[in-house]
> 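This is the structure I have questions about; it appears just below.
Computed from a prediction, not measured in an experiment: that's the story for all the values here.
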Amino acid sequence: AVVVLGAGAATVVAVSGDDSPPPQASPTLAAARDMTQVDQTGVWGRLSLTPVPWGTRLDLACSYDEPDSAYGEQPHTYALVVHTRDGGSEQVATWKALPGKTMHVTGATALTTAEIASVEVRTETGDPVLRLTS
């Protein structure tokens, strides 16, 4: 009986002594919300802010008008910027938009959703085109 108990204890130690983290499923994404357009009509976005153990995951679907003479064929660069309740800001993603297409962009921050006051999509010159206020 002593030998059987000893073998069982060794097995428990071997299993609980594993230093690798347990596999985790992807977080369930928070519901996406429409972003408000800021002084323009050619860009639309839906954003979800998902709390995760390390902060917040941001998932953006951003659509753009077909090219016209004002937009041109040149892709524009955009940035996803998070603003905190204490007045700080953090850029969490950048990408090139393709006219007439929908881009799916994922960003991340160590900030919790409670610390986030708003999120903006900005042009490469820093002008906001979309905004979501928490």
> Kindly indicate whether the side chain of Trp44, heavy atoms from C-beta on, has any atom under 4.5 Å from the side chain of Asp65.
yes
> Please report the C-alpha distance between Tyr64 and Val129 in whole Å, then the side-chain angles of each, then the deciding distance to 0.1 Å, and finally whether the side chain to side chain contact (heavy atoms under 4.5 Å, CB included) criterion is met.
CA-CA 11 Å; Tyr64 313 90; Val129 293; over 6 Å; no
> Just by modelled atom types, is the Ala79 backbone N or O under 3.5 Å from a matching donor or acceptor in the Thr94 side chain?
no
> Sequence neighbours excluded, which residues qualify as side chain to side chain donor-acceptor pair (under 3.5 Å) partners of Thr133?
none
> State the OH-CG distance between Tyr78 and Leu60, to the nearest 0.5 angstrom.
11.5 Å
> Which residues pass the side chain to side chain contact (heavy atoms under 4.5 Å, CB included) test with Lys101, sequence neighbours left out?
Leu98
> Just jot down the side chain to side chain donor-acceptor pair (under 3.5 Å) partners of Thr36, sequence neighbours excluded, or say none.
none
> For residues 117-134, pull every pair meeting salt bridge (Lys or Arg N to Asp or Glu O under 4.0 Å), keeping only residues two or more places apart or in separate chains.
Glu120-Arg122, Glu120-Arg131
> Identify the two heavy atoms, one from Leu130 and one from Cys62, that lie closest to each other, and give their separation to 0.1 Å.
CD1-SG, 3.9 Å
> Tell me the closest heavy-atom pair linking Ser89 and His83, and the distance in Å.
CB-ND1, 3.5 Å
> What are the two closest heavy atoms between Ala93 and Gly107, and how far apart are they?
CB-CA, 4.3 Å
> When you look at CG of Asp39, are more than 12 heavy atoms from neighbouring residues, nucleotides or ligands closer to it than 6.0 Å?
no
> Sort and list the pairs that fulfil salt bridge (Lys or Arg N to Asp or Glu O under 4.0 Å) and have at least one residue in residues 45-54, not counting sequence neighbours.
Asp34-Arg46
> Thr109: which residues meet the side chain to side chain contact (heavy atoms under 4.5 Å, CB included) condition with it, sequence neighbours left out?
Thr56, Leu58, Glu90, Val92, Leu111, Ile116
> What residues, two or more places apart in sequence or in another chain, satisfy side chain to side chain contact (heavy atoms under 4.5 Å, CB included) together with Leu132?
Arg33, Met35, Leu47
> What pair of heavy atoms forms the shortest contact from Ala30 to Thr50, and how long is it?
N-OG1, 2.9 Å
> Can you list everything that forms a side chain to side chain donor-acceptor pair (under 3.5 Å) with Ser134? Sequence neighbours excluded, please.
none
> Would you say Pro51 and Thr112 make side-chain contact, with heavy atoms under 4.5 Å?
no
> Return each pair, listed once, that meets salt bridge (Lys or Arg N to Asp or Glu O under 4.0 Å) where at least one residue sits in residues 75-84; pairs must be two or more places apart or across chains.
none
> Partners of Thr113 by side chain to side chain donor-acceptor pair (under 3.5 Å), sequence neighbours excluded?
none
> Who pairs with Asp59 by salt bridge (Lys or Arg N to Asp or Glu O under 4.0 Å), at least two apart in sequence or on another chain?
Arg57
> Quick check: is Leu49 connected to Met103 through a chain of hydrophobic side chains (ILVMFWY, heavy atoms under 4.5 Å apart)?
yes
> Run the side chain to side chain contact (heavy atoms under 4.5 Å, CB included) test against Ala117 and tell me which residues pass, sequence neighbours left out.
Arg85
